[in-house]
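Notes follow once the structure below has been shown.
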Amino acid sequence: MEIAGKPGPLTARAAGLMACRRCGRVHPGEAQICQRCGGPISSREIKSLQRVWAWLFAGMILYIPANIYPMLLTSTLVSKRESTIIGGVIDLAHHGSYGVALIVFVASVMIPIGKFIAISYLALSVQWPIRQHSHLRHRLYEVTDFIGRWSMIDVFVVAILSSLVQLDTVATINPGIAAVSFALSVAFTMLSAQSFDSRTIWDSDRPAE
């Protein structure tokens, strides 16, 4: 369906309707409180982009020490070893565990960097509208929001090893400072994606009604 004189789908905002983001009930455009759940209703989230950029920058900053400092601290009777994310990937590949090394590399390096790029692109495309199909950007947002949780695989592995390998003075495995930085980086990036108001993608294709 199209608006007269304007190509593209008819949006709820253009039709004078707004949906509650808590329960999904649709209300007339002048409604301010949801009649079903009592939550506030607004056509667009106020200061959504500010929250997106704030959480994203926090996640990017923490991702630096997550890669510089050790993720895993291994102590035995004869040696102590520190492993970073990339160092762990190299060690796994060196011992022939190519599949595991690939999974760790994708989940701990490619996915976080991909999320940084995707969220930045979506935010910039809203601030400086571009002529690209809105459905493609919505799909990119959904994939980015869904796949982010899988970046935690390194933290899960460290937590499991730390709880299982505690042989008193023989051998111990403890999480390094990078584990905390990485976990916070993933959490902040997920908050950044969730703060993004995907409805603004439609606004970048046409002037606000």
Side-chain angles (χ1 to χ4, degrees), residues 48-127 137 139-196 198:
S48 169
L49 284 179
Q50 288 90 330
R51 292 196 297 271
V52 170
W53 285 117
W55 287 121
L56 182 62
F57 284 141
M60 293 173 69
I61 291 172
L62 284 170
Y63 189 67
I64 296 174
N67 283 272
I68 294 177
Y69 292 102
M71 174 71 73
L72 202 63
L73 304 175
T74 306
S75 301
T76 64
L77 289 174
V78 295
S79 66
K80 290 185 178 181
R81 186 168 184 178
E82 300 178 348
S83 299
T84 62
I85 293 176
I86 297 299
V89 172
I90 295 174
D91 287 341
L92 287 169
H94 179 72
H95 288 88
S97 301
Y98 299 109
V100 178
L102 179 61
I103 292 173
V104 173
F105 179 76
V106 170
S108 302
V109 179
M110 293 185 64
I111 289 179
I113 294 178
K115 283 197 68 177
F116 294 148
I117 296 173
I119 296 174
S120 298
Y121 167 74
L122 290 171
L124 290 172
S125 72
V126 170
Q127 288 184 286
R137 281 183 284 159
R139 186 169 300 175
L140 174 62
Y141 169 73
E142 292 172 358
V143 171
T144 302
D145 186 43
F146 171 78
I147 205 172
R149 68 201 71 180
W150 298 105
S151 301
M152 281 288 197
I153 188 170
D154 257 12
V155 179
F156 293 152
V157 170
V158 171
I160 293 172
L161 289 176
S162 299
S163 61
L164 293 179
V165 185
Q166 297 293 338
L167 304 178
D168 296 328
T169 58
V170 179
T172 59
I173 295 180
N174 296 301
I177 188 174
V180 178
S181 299
F182 189 84
L184 289 175
S185 176
V186 173
F188 289 164
T189 310
M190 291 175 65
L191 287 172
S192 177
Q194 292 175 0
S195 298
F196 183 77
S198 59

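Since this is a predicted model, take the numbers as computed values, not measurements.
A distance of 12.0 Å separates CD1 in I85 from CD1 in I90, rounded to the nearest 0.5 Å. Atom CD1 of residue I119 and atom CG of residue D145 lie 8.5 Å apart, to the nearest 0.5 angstrom.
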Q) Step by step, would you call F196 with L49 a side chain to side chain contact (heavy atoms under 4.5 Å, CB included)? A) CA-CA 6 Å; F196 183 77; L49 284 179; 4.2 Å; yes

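Partners of F116 according to the ring pair (Phe, Tyr, Trp, His ring centres under 6.0 Å) rule, which considers only residues two or more places apart in sequence or in another chain, are Y63. By the ring pair (Phe, Tyr, Trp, His ring centres under 6.0 Å) test, F105 pairs with no residue at all, sequence neighbours left out. For Y98, there are no ring pair (Phe, Tyr, Trp, His ring centres under 6.0 Å) partners, not counting sequence neighbours.
Across all their heavy atoms, M71 and F182 have their closest contact at CE-CB, 3.9 Å. Nearest approach of P112 to A107, heavy atoms of both residues: CD-O, 3.4 Å. Taking every heavy atom of both residues into account, S195 and S48 meet most closely at O-OG, 2.7 Å. Closest heavy-atom contact between T144 and L140: OG1-O, 2.7 Å.
Counting heavy atoms from C-beta outward, K115 and T189 have side chains that approach closer than 4.5 Å. At a threshold of 4.5 Å between non-hydrogen side-chain atoms, the residues S120 and W53 count as touching. Side-chain contact check for S181 versus Y69: every heavy-atom pair is 4.5 Å or farther apart.
Between the side chain of S125 and the main chain of L122, a donor-acceptor pair closer than 3.5 Å is present. At least one donor-acceptor pair closer than 3.5 Å links the side chain of S192 to the backbone N or O of V52.
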